[in-house]
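Written below as structure tokens is the structure these notes are about.
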Amino acid sequence: MPSQFKPHRIAIVTDAWHPQVNGVVRTLLNTASQLRRMGVQVEIVSPALFKTIPCPSYPEIRLAITTARRVERCIAEIKPDALHIATEGPLGWAARRAAIRQGWGFTTAYHTRFPEYVNARIGIPVSWLYRLFQAFHRPSSAVLVPTETLMKELDARGFGNLTYWTRGVSHDIFFPRCPQQSPNPVSPIFIYVGRLAVEKNIEAFLELDLPGVKWVAGEGPLGDELRRRYPDVRWTGVLSQPDLAELYSRADVFVFPSKTDTFGLVMVEAMACGLPVAAYPVVGPIDVIGDGGAGALDPDLRQACLSALKIPRVKAISHAQTFTWELATQQFYDSLVPLRSPLEAQERQSESLTPLTR
């Protein structure tokens, strides 16, 4: 049921922002854009406002160097009706501390499976990290989660106040860019789009014995090594969204080898261009593909790829139509809570009017 609270000004605090290229940034950009179309003012508190240092083992990601007091001042200067803390990085923790100190209501989101990511990189036990992230989200009035399957998993781990927030796709950008045709039976094109990083499990795709050719779009810390080890793959690097839509439209199957994503926005973009998906039956693909017939889920990724070749492109397009940023943004908007209680907000408004009435 939609909330009666209708904020006019929203502050979003995020560690993920330009020039990063990932699903979190894409989600926040589209959400902010849609909110502005709804007449809502959105202000972003991102690393762009602070000094930064490169993230260890991931230098293209910049981490903000700041304090909770400074982040608190940034938020206070915005004078928001609602506060959303999007990420669990340095800015997210600083905003959380500021909100608790000020007694502000706020929401958070579970975009990324950092416990699994960190474990894959440096081996810290997943259970320790989940306790840390559970503590991060505990004061939140609503923890926004992108899939029902992930909500059940987080609930089992003791997370509370879980709220569903799906994702969308920009159908004016991602649509079939060339005439639809049956897959080439001799040389089909299998494509992966995303970060070239250990947590994406991309080598599970690159090692597959498949007919045809493999294309990869994206960059990341494993880029140089993978290009050297797999010279027969076509590597395109990072592409603009229109160019990416063109690439999707020319391929035959989108392969999503990750077992750690919370959603997988690229799957929806690929389907919107008429590209069936092959993936493991794990969180993300289970909910995004579901039983819509737009992809093939199989513990054997090679079998999923071969099965996806037989799926008509029209099924992928039809299923992608169920994902829109309008719907996703309304869910986000309805989950927001007042920064202050109604009484505090009324007192604040009275204080702001006092100089004018003297």
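Given the structure is predicted, the values throughout are model-derived calculations rather than measurements. Start at 1 with the first residue, then count along the sequence.
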Decide yes or no for [X] and [Y]: does some side-chain heavy atom of the first lie under 4.5 Å from some side-chain heavy atom of the second?
| X | Y | answer |
| --- | --- | --- |
| Leu247 | Asp243 | no |
| Val277 | Leu275 | no |
| Val45 | Thr14 | no |
| Val13 | Arg96 | no |
| Lys200 | Pro257 | no |
| Asn201 | Glu203 | no |
| Ser170 | Asn30 | yes |

Polar contact flag, side-chain donor to acceptor under 3.5 angstrom, [X]-[Y]:
| X | Y | answer |
| --- | --- | --- |
| Ser307 | Gln303 | yes |
| Asn161 | Ser141 | no |
| Glu88 | His111 | no |

How close do [X] and [Y] get, counting heavy atoms only, and between which atoms?
| X | Y | result |
| --- | --- | --- |
| Ala294 | Ile289 | C-CG2, 4.4 Å |
| Ala251 | Ile191 | CB-CG2, 3.6 Å |
| Ile311 | Ala296 | CD1-N, 4.0 Å |
| Asn22 | Gln20 | ND2-OE1, 3.1 Å |
| Ser335 | Thr163 | CB-CG2, 4.2 Å |
| Gly168 | Val268 | O-CG1, 4.5 Å |

Joint hydrophobic cluster, [X] plus [Y], side-chain heavy atoms closer than 4.5 Å:
| X | Y | value |
| --- | --- | --- |
| Leu154 | Tyr164 | yes |
| Val21 | Leu222 | no |
| Val337 | Tyr333 | no |
| Met38 | Phe5 | yes |
| Leu196 | Val198 | yes |

Short side-chain to backbone donor-acceptor contact, [X] and [Y], under 3.5 Å:
| X | Y | value |
| --- | --- | --- |
| Thr149 | Asp287 | no |
| Trp104 | Arg340 | no |
| Arg313 | Ser249 | yes |
| Trp235 | Val233 | yes |
| His319 | Val314 | no |
| Asp261 | Gly284 | no |
| Gln134 | Gly158 | yes |

To the nearest 0.5 Å, tell me how far [X] [atom1] sits from [Y] [atom2].
| X | Y | atom1 | atom2 | result |
| --- | --- | --- | --- | --- |
| Phe159 | Leu150 | CZ | CG | 9.0 Å |
| Ile286 | Leu297 | CD1 | CG | 7.0 Å |
| Ile12 | Glu43 | CD1 | CD | 10.0 Å |
| Asp252 | Cys305 | CG | SG | 11.5 Å |
| Ile10 | Ile78 | CD1 | CD1 | 11.5 Å |
| Gln331 | Leu336 | CD | CG | 12.0 Å |

- What do the steps show when you test Tyr230 against Val216 for side-chain contact (heavy atoms from CB on, under 4.5 Å), and what is the final call? CA-CA 11 Å; Tyr230 301 94; Val216 172; over 6 Å; no

Do the numbers put [X] on top of the ring of [Y], so that NZ or CZ is under 6.0 Å from the six-membered ring centre and no more than 45° off the axis?
| X | Y | value |
| --- | --- | --- |
| Lys214 | Tyr192 | no |
| Lys259 | Tyr280 | yes |
| Arg177 | Phe175 | yes |

- Message: Once you measure the plane-to-plane angle for Trp165 and Phe332, does it fall in the parallel (<30°), tilted (30-60°) or perpendicular (>60°) bin?
- Response: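 Ring orientation, 0 to 90° scale: tilted.
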
- Parallel, tilted or perpendicular, as decided by the 30° and 60° cut-offs, for the rings of Tyr110 and Tyr130: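 Parallel, since the angle between the ring planes stays under 30°.
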
- Does Asp224 have any salt bridge (charged side-chain N to carboxylate O under 4.0 Å, His left out) partners at least two apart in sequence or in another chain, and if so, which?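 Once residues adjacent in sequence are excluded, the partners of Asp224 under the salt bridge (charged side-chain N to carboxylate O under 4.0 Å, His left out) criterion are Arg227.
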
- Message: If you apply the rule side-chain contact (heavy atoms from CB on, under 4.5 Å), what do you find for Arg70 with Phe50, and how did you get there?
- Response: CA-CA 10 Å; Arg70 187 174 175 196; Phe50 309 94; 3.5 Å; yes

- Item | Stepwise salt bridge (Lys or Arg N to Asp or Glu O under 4.0 Å) check, Arg97 with Glu72 | CA-CA 9 Å; Arg97 288 194 296 273; Glu72 180 181 319; over 6 Å; no

- Query: With a 6.0 Å cut-off on ring centres, are Phe136 and Trp93 close enough?
  - Reply: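 Phe136 vs Trp93: aromatic centres under 6.0 Å.
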
- Compute the centroid of each ring, for Phe323 and then for His171, and state whether the two points are separated by less than 6.0 Å. no

I'd like to know if [X] and [Y] make a salt bridge, using a cut-off of under 4.0 Å between side-chain N and carboxylate O.
| X | Y | value |
| --- | --- | --- |
| Asp81 | Lys6 | no |
| Arg26 | Glu269 | yes |
| Arg229 | Glu225 | yes |
| Arg113 | Glu153 | yes |

- Item | Results of side chain to side chain contact (heavy atoms under 4.5 Å, CB included) for Arg37 - residues two or more places apart only |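 Only Ser33, Gln34 meet the side chain to side chain contact (heavy atoms under 4.5 Å, CB included) criterion with Arg37.
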
- Item | Steps toward side-chain contact (heavy atoms from CB on, under 4.5 Å) verdict (Arg167, Thr27) | CA-CA 7 Å; Arg167 299 293 185 266; Thr27 294; 3.4 Å; yes

- Task: May I have the step-by-step check of side-chain contact (heavy atoms from CB on, under 4.5 Å) for Val143 and Thr107, ending in yes or no?
- Result: CA-CA 6 Å; Val143 183; Thr107 59; over 6 Å; no

